[in-house]
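These notes concern the structure reproduced below.
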Amino acid sequence: MIDKEVLRINNVTKLYGNQKALDNVTISVKEGEVAGLIGPNGAGKSTLMKIIVGLIRNYEGNVFIEGENVLSETNKNKKRAGCVIENPGFYPELSGYDNLLYFSKISGCSGKEDIDNIINLLGIKDFVHKKARKYSLGMKQRLGLAQAVLGNPKLLVLDEPTNGLDPNVILNIREFIKYLSEEKRISVIISSHILTEIELMCKKVFFIKNGIIVDEVRPADNLQNPEGSCFVFETDNIRELKDFFKAKNIYTSIHGKGKVIADLKEYSIREILSMLLENNINILGTYRQKASLEKRFIEIMEENIIE
Ligand SMILES: Nc1ncnc2c1ncn2[C@@H]1O[C@H](COP(=O)(O)OP(=O)(O)OP(=O)(O)O)[C@@H](O)[C@H]1O
Ligand SMILES: [Mg+2]
């Protein structure tokens, strides 16, 4: 069975005045898939998330959830996406529990049983009867997550949900997201600066920089192939080396001064080295790179600065 596409973003460009916050973004997320969005401050992560949930409505391009444009009126009523973006808003004088109860009543999607189930899964039993105004950041984040899920969304949009939280709470949230994706087949798009977090949770990761999606990586590929097919090449002619790889459709990025990292995929290092020799491209040294997401992140963030 081919997995259904739940989120589809086509050529989305967003301008704030003259400044491009998003530049021709095209991505998709399938049913039950957890996708990550990583990029430096100001990359456009929050802007993209607000567009997905309809908080920003003025942009070029199209966003579809389950095939329906998020800007269409019918979509608005169906509440296909739940979200935790910036500070989740609650009634401060009500307890967390009563906030959830009120929300489930107005959304008409979930009953008391669902609320209790979510409270258990998120491990928020201890404080759910406290007034919301007394909540810490970690408590607020988890209550926000509970509220987002109560609407029975097909897609969950989480903007830095683990930022500033302690490791136990992060573990809690991570397991909850895993449960939603695996048991409920909910799709999730999640932004974070904590790369190891994203690596553990996400099936695919989009790297965003200056509003542009610069790469898409599947962390599981690295885990399944711990040896990896990425090699670092040291050279005195970066341009020539990059052109050589480009002609073979081998993806490269700059790995610091005089170094290029290339994912050789089906080529062996032996084949590549002999071809480089034939082409008279000077290689000063080479070694295997165990590609982790963090290294990739640094490479991508470095690339434009050096070039
Ligand atoms: N309301 C706004 N008006 C004008 N410019 C904005 C507005 N919101 C965001 N921007 C600009 O758009 C760009 C993208 O911002 P955005 O908040 O989407 O980035 P981000 O990746 O979420 O960053 P961070 O990691 O700091 O949360 C930035 O250059 C920012 O200054
Ligand atoms: Mg942001």
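By convention here, the first residue in the shown sequence is residue 1. Whatever order the structure lists them in is the order used to number ligands and atoms, beginning at 1. Bear in mind that the values here come from a model prediction, so they are computed numbers and not experimental data.
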What's the shortest heavy-atom distance between Gly44 and Leu22, and which atoms?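 Taking every non-hydrogen atom into account, O-CD2, 3.5 Å.
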If every non-hydrogen atom of Met49 is compared with every non-hydrogen atom of Val157, which pair is closest and at what distance?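 Scanning both residues, the minimum pair turns out to be CB-CG1, 3.7 Å.
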Polar contacts were defined as any N/O atom of the residue lying under 3.5 Å from an N/O atom of the ligand; does this apply to Gly44 and ligand 1?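 Yes, at least one N or O pair falls under 3.5 Å.
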Sub-4.0 Å heavy-atom contact, Gln19 with ligand 1: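 Yes, that is the case, since the closest heavy atom of the residue is under 4.0 Å from the ligand.
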Got the closest protein heavy atom to [atom], with its distance?
atom	value
atom 3 (N) of ligand 1	Tyr16 CD2, 3.5 Å
atom 26 (O) of ligand 1	Asn41 ND2, 3.0 Å
atom 25 (O) of ligand 1	Lys45 NZ, 2.7 Å

Can you tell me which residue among Asn11, Thr26, Asn69 is in a side chain to side chain donor-acceptor pair (under 3.5 Å) with Asn62?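 That would be Asn69; it is the only one of Asn11, Thr26, Asn69 passing the side chain to side chain donor-acceptor pair (under 3.5 Å) with Asn62.
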What atoms of ligand 1 come closer than 4.0 angstrom to any heavy atom of [X]?
X	value
Ala21	12 (O), 13 (C)
Ala43	19 (O), 20 (P), 21 (O)
Thr47	14 (C), 15 (O), 16 (P), 18 (O)

Which residue from Gly17, Gly42, Ser46, Gly39 reaches closest to atom 13 (C) of ligand 1 through any of its heavy atoms?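 Going through Gly17, Gly42, Ser46, Gly39 one by one, Gly42 has the nearest heavy atom to atom 13 (C) of ligand 1.
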Hey, does the Lys NZ or Arg CZ of Lys248 hover above the aromatic six-ring of Phe244, less than 6.0 Å from the centre and inside 45° of the axis?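 Here Lys248 passes the 6.0 Å and 45° test against Phe244.
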Would you call the rings of Phe231 and Phe233 parallel, tilted or perpendicular, taking 30° and 60° as the class edges?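 The rings of Phe231 and Phe233 sit tilted, inter-plane angle from 30° to 60°.
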Kindly indicate whether the side chain of Leu158, heavy atoms from C-beta on, has any atom under 4.5 Å from the side chain of Ile173.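 Not touching, per the 4.5 Å side-chain cut-off.
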Short check: is a protein heavy atom less than 4.0 Å from atom 30 (C) of ligand 1?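 Protein heavy atom within 4.0 Å of atom 30 (C) of ligand 1: absent.
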Test of understanding: clusters of I, L, V, M, F, W, Y form through side-chain heavy atoms closer than 4.5 Å, transitively. Do Ile269 and Leu284 belong to the same one?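 Shared cluster, no.
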Short question: side chain of Lys45, backbone of Pro40 - any donor-acceptor pair under 3.5 Å?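 Side chain of Lys45 to backbone of Pro40: a pair is present.
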State whether Ser46 contributes an N/O/S atom found under 2.8 Å from the Mg ion (ligand 2).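 Coordinating: yes.
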